[in-house]
Amino acid sequence: GEVDRTSSTSLGDEALTREEKYRYLTAFMLFAGAQYRRLGWVMQINYGVVRNGNTKMFRQLGPNTGFDSIGNHTPSQPLVAFLDALCVDDNLPRTVLYSLNPGDFTTIASVIGNYQDSEIPGKLQLGTGWWFHDNKTGMQEQMTCLANQGALGTFIGMLTDSRSFTSYTRHE
């Protein structure tokens, strides 16, 4: 009922409170996670980024033009609550969690360890080093964390959405 009221409010002229926005987004994420599970899809969550940090350049060039930064928060408690809510209802899909902050790698790896099961080996994954970690050192840090905290043998491998053509050699 609360989510329905929030939807009605957002469709009208009233502004949503911060709590209403988070309640709605949480409900959406729980719904999406359940649908991913039902359809056999993999849920991917990316966080730890500060977008469009230079207002002057954002106004001049627009979004996604190279003025993003690494965020410095590790939302482990909300992440645990989210994954647990999906797990309790048997709605937890295969999931990959990425963070731009290498300081988050160990936290993510410890959280996903709570939700591994015998159904799918490596059901939850620490996402590969990407963006600012799309280099030898970044990839080594991510894989070292994965090997130390989990099972490197279930690692799904590296991304191919690199912004740098020369980084494709990492698949060799």
Side-chain angles (χ1 to χ4, degrees), residues 1-117 119-120 122-134 142 145 149-150 156 159 161 163:
E2 290 178 29
V3 173
D4 288 341
R5 284 190 297 280
T6 300
S7 296
S8 296
T9 300
S10 69
L11 292 173
D13 292 334
E14 296 179 54
L16 295 176
T17 66
R18 182 180 175 138
E19 183 179 321
E20 288 172 326
K21 287 178 190 177
Y22 284 133
R23 187 179 302 127
Y24 180 81
L25 291 172
T26 299
F28 173 78
M29 290 293 293
L30 290 170
F31 172 79
Q35 295 308 304
Y36 288 142
R37 167 71 179 205
R38 184 179 67 79
L39 295 168
W41 293 357
V42 176
M43 178 170 62
Q44 297 185 72
I45 299 174
N46 302 297
Y47 65 91
V49 63
V50 177
R51 300 294 303 221
N52 306 309
N54 184 325
T55 301
K56 180 179 177 182
M57 295 309 292
F58 177 81
R59 288 177 181 156
Q60 185 176 346
L61 300 173
N64 306 316
T65 52
F67 299 96
D68 301 326
S69 305
I70 295 172
N72 63 351
H73 66 284
T74 305
S76 56
Q77 192 162 356
L79 179 59
V80 166
F82 172 65
L83 295 175
D84 195 57
L86 288 169
C87 184
V88 165
D89 292 333
D90 290 323
N91 285 329
L92 183 61
R94 291 176 292 159
T95 303
V96 183
L97 297 163
Y98 305 88
S99 178
L100 275 186
N101 190 335
D104 292 341
F105 291 167
T106 301
T107 300
I108 293 170
S110 72
V111 168
I112 66 176
N114 295 327
Y115 301 99
Q116 301 294 3
D117 60 35
E119 178 187 10
I120 301 169
K123 181 176 180 175
L124 281 77
Q125 295 274 325
L126 169 62
T128 186
W130 59 291
W131 206 334
F132 298 108
H133 311 294
D134 194 9
Q142 184 271 346
C145 179
Q149 298 292 322
I156 56 175
L159 298 172
D161 68 343
R163 296 174 183 211

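For the numbers below, each heavy atom of this structure counts, side chains included, while hydrogens, waters and symmetry mates do not. The chain is numbered in sequence order, starting from 1.
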**Asked** Are Tyr36 and Leu86 side-chain neighbours, meaning at least one heavy-atom pair lies under 4.5 Å?
**Response** no
**Complete:** d(Thr107 OG1, Ile112 CD1) to nearest 0.5 Å is 11.5 Å
**Asked** Can you find a heavy atom in the side chain of Pro93 that is under 4.5 Å from one in the side chain of Val42?
**Response** no
**Message:** How long is the straight-line distance from OH of Tyr22 back to CE of Met29, given to the nearest 0.5 Å?
**Reply:** 13.0 Å
**Request:** Let me see the working for Asp104 and Tyr47 under side-chain contact (heavy atoms from CB on, under 4.5 Å), right down to the final yes or no.
**Result:** CA-CA 10 Å; Asp104 292 341; Tyr47 65 91; 3.7 Å; yes
**Prompt:** Under 4.5 Å between any side-chain heavy atoms of Asn52 and Phe67, yes or no?
**Reply:** no
**Asked** Between Gln60 and Met57, is there a donor-acceptor pair closer than 3.5 Å when you use the side chain of the first and the backbone of the second?
**Response** no
**Request:** For Arg37, check salt bridge (charged side-chain N to carboxylate O under 4.0 Å, His left out) against everything at least two apart and list the hits.
**Result:** Glu119
**Message:** Please give me the minimum heavy-atom distance between Ile108 and Ser99, naming the atom from each residue.
**Reply:** CD1-CB, 3.7 Å
**Fill in**
In short, Asp117 meets Lys123 closest at the heavy-atom pair OD2-NZ, 3.2 Å
**Asked** So do Met43 and Val96 actually touch side chain to side chain, heavy atoms under 4.5 Å?
**Response** no
**Asked** Between Val50 and Gly71, what is the shortest heavy-atom contact and its length?
**Response** CG2-CA, 3.8 Å
**Asked** Quick one: does Thr26's side chain get under 4.5 Å of Phe82's, heavy atoms only?
**Response** no
**Asked** Roughly how far, to the nearest 0.5 Å, is CG of Leu30 from CG of Asn91?
**Response** 8.5 Å
**Prompt:** Does the side chain of Gln149 come within less than 4.5 Å of Thr106's, by heavy atoms?
**Reply:** yes
**Message:** Quick one, Leu92 and Leu83 - any side-chain contact, counting heavy atoms below 4.5 Å?
**Reply:** yes
**Request:** Find out whether Leu124 and Gln116 are in side-chain contact, i.e. whether some heavy atom of one side chain is under 4.5 Å from a heavy atom of the other.
**Result:** yes
**Item:** Reported CG-to-CG distance for the pair Leu97 and Leu126, which is rounded to 0.5 angstrom
**Value:** 8.0 Å
**Asked** Between Asn54 and Lys56, is there a donor-acceptor pair closer than 3.5 Å when you use the side chain of the first and the backbone of the second?
**Response** yes
**Asked** Counting N and O atoms only, with roles assigned by atom type, does the side chain of Gln142 sit under 3.5 Å from a partner on the main chain of Gly127, one being a donor and the other an acceptor?
**Response** yes
**Request:** Using salt bridge (charged side-chain N to carboxylate O under 4.0 Å, His left out) as the criterion, list what pairs up with Asp90, not counting sequence neighbours.
**Result:** none
